[in-house]
J.: 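Could you have a look at this structure, given as structure tokens, before my questions?
The figures that follow rest on heavy atoms only: side chains count, while hydrogens, waters and symmetry mates do not.
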Amino acid sequence: ATKILKSWPFLRAVINRKALPASGLKILAPRIMRRMAAFAASIWRRQASTQWAVHFGSLVNQIGTIPNCLCSLAWPKIMTVIQLKCHSFELDVNCLHVLRHRFPHIEECGDVRNFTEAWARERITRARPDMILLTGGSPCQQTSRLSASGLGLRGQDSSLFFEFARANSVLKRVAADEGIRFHYMLENVIMEPEWAAEISRELGSTHVEIDAADLGWHRRPRSAWVSW
């Protein structure tokens, strides 16, 4: 499992950026590392002939960054046994154009505010996936420190976070009823501590600061809340 973890680039994003040894290797937060090790090992132990179905839902999907990451995993053996069924909630016309071109297999679900427990339960009961993964990047217009409104999560756009929190509660409940593994991941900007603390209370997890500079040439610091 340790060998797998070191070979997966995404793990470099889920780190404690304040701990940087001279070697340049950054230290993963222990709790996240233990969970990811167990998750990777559980997949790796499965036979290549076994189909492992994952239902993936992205709220405010934008241009499909998470689907792209999932489809680009550098684990050929694992990707031969994972089947992804993707549901996307997005309204922006330009984003939809990109999604339809790059990910024609994704089911377009429209406005995130139309997400209901009945809709989720019907699809999950019918498909019986091995795992459900909920992701989202809620709007940051009012949570950004560049915003002068001071509205934070009460702003017209950024308040859509509460739709993610609602979907998270619904899917967690449905997954528990059906005996299915459930995980979530939310991304947003580096924001005022009180707003980050409110998101943490709603989701039941603390955030980790990540940066695109961990994987590329440009700096883009963000906050991530994950269930593992």
Side-chain angles (χ1 to χ4, degrees), residues 7-14 43 51-116 119-120 122-124 126-144 146 156-161 163-168 170-171 182-189 210-227:
S7 69
W8 193 17
F10 176 72
L11 285 176
R12 294 177 56 196
V14 191
I43 297 177
Q51 293 298 330
W52 207 67
V54 176
H55 260 223
F56 161 72
S58 183
L59 308 188
V60 195
N61 194 24
Q62 300 176 10
I63 61 172
T65 302
I66 296 297
N68 184 62
C69 291
L70 291 173
C71 294
S72 303
L73 285 176
W75 291 357
K77 183 175 180 179
I78 291 179
M79 287 311 294
T80 61
V81 301
I82 290 183
Q83 291 184 331
L84 291 174
K85 174 61 177 176
C86 301
H87 307 279
S88 171
F89 290 83
E90 180 57 62
L91 292 178
D92 185 271
V93 174
N94 294 320
C95 290
L96 289 173
H97 179 75
V98 174
L99 288 169
R100 290 165 184 167
H101 177 70
R102 297 293 303 277
F103 308 104
H105 60 284
I106 288 181
E107 178 184 345
E108 295 180 17
C109 303
D111 194 330
V112 64
R113 288 164 290 197
N114 295 331
F115 175 91
T116 65
W119 178 92
E122 187 274 330
R123 282 161 174 76
I124 292 169
R126 182 179 60 200
R128 295 296 305 169
D130 295 285
M131 189 179 81
I132 301 167
L133 174 63
L134 173 68
T135 70
S138 53
C140 62
Q141 285 91 327
Q142 289 83 45
T143 54
S144 171
L146 297 177
Q156 180 179 355
D157 305 292
S158 295
S159 61
L160 281 177
F161 156 73
E163 293 298 324
F164 181 92
R166 181 176 66 86
N168 179 60
V170 167
L171 289 173
F182 171 74
H183 284 296
Y184 67 81
M185 179 171 63
L186 174 75
E187 173 270 342
N188 210 299
V189 294
I210 60 178
D211 196 333
D214 296 323
L215 302 173
W217 291 100
H218 61 287
R219 186 171 183 272
R220 190 176 174 84
R222 288 295 184 269
S223 295
W225 286 261
V226 299
S227 59

J.: Quick check: closest heavy atoms across C95 and E90, and the distance to 0.1 Å?
T.: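 Closest pair (atom of C95, atom of E90, distance): CB-CG, 3.9 Å.
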J.: Between W119 and E107, what is the shortest heavy-atom contact and its length?
T.: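 Result for this residue pair: CZ2-OE2, 4.4 Å.
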J.: Given the rule in the side chain to side chain contact (heavy atoms under 4.5 Å, CB included) test, do N168 and F182 qualify, once you have shown the distances and angles that lead to the verdict?
T.: CA-CA 9 Å; N168 179 60; F182 171 74; 3.2 Å; yes
J.: What closest approach, in Å, do I106 and H87 show between heavy atoms, and which atom pair accounts for it?
T.: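 Where I106 meets H87 most closely, the heavy atoms are CG2-C, 4.4 Å.
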J.: Quick check: closest heavy atoms across Q156 and Q142, and the distance to 0.1 Å?
T.: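 Closest approach of Q156 to Q142: N-OE1, 3.6 Å.
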J.: Any chance you could lay out the side chain to side chain contact (heavy atoms under 4.5 Å, CB included) test for R166 and F115, step after step, and finish with the verdict?
T.: CA-CA 9 Å; R166 181 176 66 86; F115 175 91; 4.0 Å; yes
J.: Roughly how far apart are E122 CD and T116 OG1, rounded to 0.5 Å?
T.: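 The distance works out to 10.0 Å.
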J.: Taking all non-hydrogen atoms of both residues into account, name the closest pair between S227 and Y184 and its distance.
T.: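 Here S227 and Y184 meet closest at OG-N, 2.9 Å.
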J.: Please determine which of C140, S158, P139 meets the side-chain contact (heavy atoms from CB on, under 4.5 Å) test together with N188.
T.: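 Only one option passes, and that is C140.
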J.: Given L96 and E108, is the side chain to side chain contact (heavy atoms under 4.5 Å, CB included) satisfied, shown in steps?
T.: CA-CA 9 Å; L96 289 173; E108 295 180 17; 4.1 Å; yes
J.: Take R113 and L160 through the side chain to side chain contact (heavy atoms under 4.5 Å, CB included) test and state the conclusion after the steps.
T.: CA-CA 8 Å; R113 288 164 290 197; L160 281 177; 4.2 Å; yes
J.: I need the minimum non-hydrogen distance between V189 and S223, along with the two atoms involved.
T.: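 Residues V189 and S223, closest heavy atoms: O-OG, 3.6 Å.
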J.: Calculate, to the nearest 0.5 Å, the distance between atoms CZ and CG belonging to F161 and L186 respectively.
T.: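 It comes to 6.0 Å.
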